[in-house]
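Numbers here simply count residues along the sequence, with the first being 1.
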Amino acid sequence: MHQAILLIGSNIAPLENLPASIKQLREFCQVFSVSPIWETQAIGTLGPNFLNAAVQVMTGMESDVFKWQALRTIENRLGRVRSDDKNAPRTIDIDIIIWDHQVMDDSLWTQAHIALPVSALVSELVQPGTGKTLNAIAQELCEKSQPIEHPDIP
């Protein structure tokens with residue numbers, strides 16, 4: 001079995017799409033915990049703010065299979081449209097941030113919309129080379145970007 005931390009985000013009907021994506025994740029894997037939702041400004045676009053949450057899961061699939069057979073299936077079901085603009089508004093985006101305790105996306109250490117929700121699940125994760133915990137980094141990023149914490153996903 002593989003453990004993963006996923007980031008789910010939406011800025012098109014997010015209060016509908018975030019819970020729907022978690023419900024559908026349960027078809028493909030075990031969902032253990034979900035972080036609080038964080039609202040942050042869209043990056044690289046003038047679109048509406050994003051709502052993001054981290055989800056801790058366990059699956060028997062390998063990472064590539066999980067990405068293409070589970071995560072992309074859920075995104076497609078929820079109407080995700082991909083375009084040349086990687087920052088375009090979207091109904092749902094699901095990314096693997098940590099796989100089997102290995103950071104898969106180094107933006108975890110630099111982007112508040114990733115660090116804040118993920119730190120709720122693995123706060124003591126240490127950034128290589130700095131010795132800083134993810135929780136400390138998330139707090140620093142929070143001061144710069146002024147995100148808004150929302151109640152748990154309904």
What do the steps show when you test N49 against E39 for side-chain hydrogen bond (donor to acceptor under 3.5 Å, both in side chains), and what is the final call?
CA-CA 6 Å; N49 287 353; E39 179 179 347; 2.9 Å; yes
Shortest non-hydrogen contact between N17 and L78, atoms and distance:
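Smallest interatomic distance, heavy atoms only, reads O-CD1, 3.9 Å.
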Does T133 form a side chain to side chain contact (heavy atoms under 4.5 Å, CB included) with S123? I'd like the steps, not just the answer.
CA-CA 7 Å; T133 65; S123 61; over 6 Å; no
Output the distance between atom CH2 (W38) and atom NE2 (H150), rounded to the nearest 0.5 Å.
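The NE2 atom of H150 is 9.5 Å from CH2 of W38, to the nearest 0.5 Å.
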How many angstroms lie between atom CD1 of I92 and atom OG of S21, to the nearest 0.5 angstrom?
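Rounded to the nearest 0.5 Å, the CD1-OG separation comes to 3.5 Å.
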Return yes when atom CD of Q102 has more than 12 non-hydrogen atoms of other residues, nucleotides or ligands closer than 6.0 Å, and no otherwise.
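Check fails, neighbour count at 12 or below.
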Any donor-acceptor pair under 3.5 Å from Q56 side chain to V31 backbone:
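No.
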Do you reckon V55 sits in the same ILVMFWY cluster as V118, going by side-chain contacts under 4.5 Å, direct or chained?
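No, it is not one cluster - the side chains of V55 and V118 are not joined through contacts under 4.5 Å.
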Interatomic distance, S107 atom OG to I114 atom CD1 [nearest 0.5 angstrom]:
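The CD1 atom of I114 is 4.5 Å from OG of S107, to the nearest 0.5 Å.
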Of the non-hydrogen atoms in L134 and A115, which two are nearest, and what is the gap between them?
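The answer is CD1-CB, 4.0 Å.
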Please evaluate residues I8 and I22 with respect to the criterion side chain to side chain contact (heavy atoms under 4.5 Å, CB included), reporting the C-alpha separation (whole Å), side-chain torsions for both, the decisive distance (0.1 Å), and the verdict.
CA-CA 9 Å; I8 58 172; I22 293 170; 3.7 Å; yes
Hydrophobic cluster identity match, M1 and V57, side-chain contacts under 4.5 Å:
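No; tracing contacts between hydrophobic side chains, which count when under 4.5 Å, never links both residues.
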Can you tell me if CD on E140 sees more than 12 non-hydrogen neighbours from other groups inside 6.0 Å?
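Counting other residues, nucleotides and ligands, CD of E140 exceeds 12 neighbours.
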CA sep, side-chain torsions, deciding dist, call: R90, D93, salt bridge (Lys or Arg N to Asp or Glu O under 4.0 Å):
CA-CA 7 Å; R90 62 202 65 170; D93 186 28; 3.3 Å; yes
If you apply the rule side chain to side chain contact (heavy atoms under 4.5 Å, CB included), what do you find for I96 with F66, and how did you get there?
CA-CA 9 Å; I96 299 171; F66 185 63; 4.2 Å; yes
Rounded to the nearest 0.5 Å, what separation is found between the CG atom of D105 and the CG atom of L7?
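Reported value, rounded in 0.5 Å steps: 8.5 Å.
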Run T130 and W109 through side chain to side chain contact (heavy atoms under 4.5 Å, CB included) and show every step you take.
CA-CA 11 Å; T130 68; W109 308 112; over 6 Å; no
Same cluster or not: V122 versus L108, using hydrophobic residues (I, L, V, M, F, W, Y) connected whenever any side-chain heavy atoms lie under 4.5 Å apart?
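Yes.
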Please identify which of these residues, I97, L25, D95, L121, meets the side chain to side chain contact (heavy atoms under 4.5 Å, CB included) condition with L6.
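Passing option: L25.
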Which atoms form the tightest heavy-atom contact between P147 and L116, and what is the distance?
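In terms of heavy atoms, the two residues are closest at CG-CD1, 3.2 Å.
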Heavy atoms only: give me the nearest Q24-F28 pair and the separation to one decimal.
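In terms of heavy atoms, the two residues are closest at O-CD1, 3.4 Å.
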Are any side-chain N or O atoms of S10 and backbone N or O atoms of T91, one a donor and one an acceptor, separated by less than 3.5 Å?
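Answer holds: yes.
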Looking at P117 and P36, what are the two nearest heavy atoms and their distance?
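Scanning both residues, the minimum pair turns out to be CB-O, 4.3 Å.
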Rounded to the nearest 0.5 Å, what separation is found between the CD1 atom of I5 and the CE atom of M104?
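Here the rounded value is 13.0 Å.
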Is there a path of hydrophobic side-chain contacts, each under 4.5 Å between heavy atoms, that joins I74 and V65?
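Yes, I74 and V65 fall within the same hydrophobic cluster.
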Which heavy atom in N11 sits nearest to a heavy atom in P48, and how many Å separate them?
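Smallest interatomic distance, heavy atoms only, reads ND2-O, 3.0 Å.
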To the nearest 0.5 Å, tell me how far L71 CG sits from M61 CE.
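Answer rounded to 0.5 Å: 8.5 Å.
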Tell me whether the centres of the aromatic rings in H2 and W99 are closer together than 6.0 Å.
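Under 6.0 Å, so yes.
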Quick one: do E27 and R77 satisfy salt bridge (Lys or Arg N to Asp or Glu O under 4.0 Å)? Show the steps, please.
CA-CA 13 Å; E27 295 175 30; R77 286 179 186 169; 2.9 Å; yes
Kindly say whether Q3 contributes a backbone atom to a donor-acceptor pair with the side chain of D100 at under 3.5 angstrom?
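The answer is yes, because a donor-acceptor pair under 3.5 Å joins these two groups.
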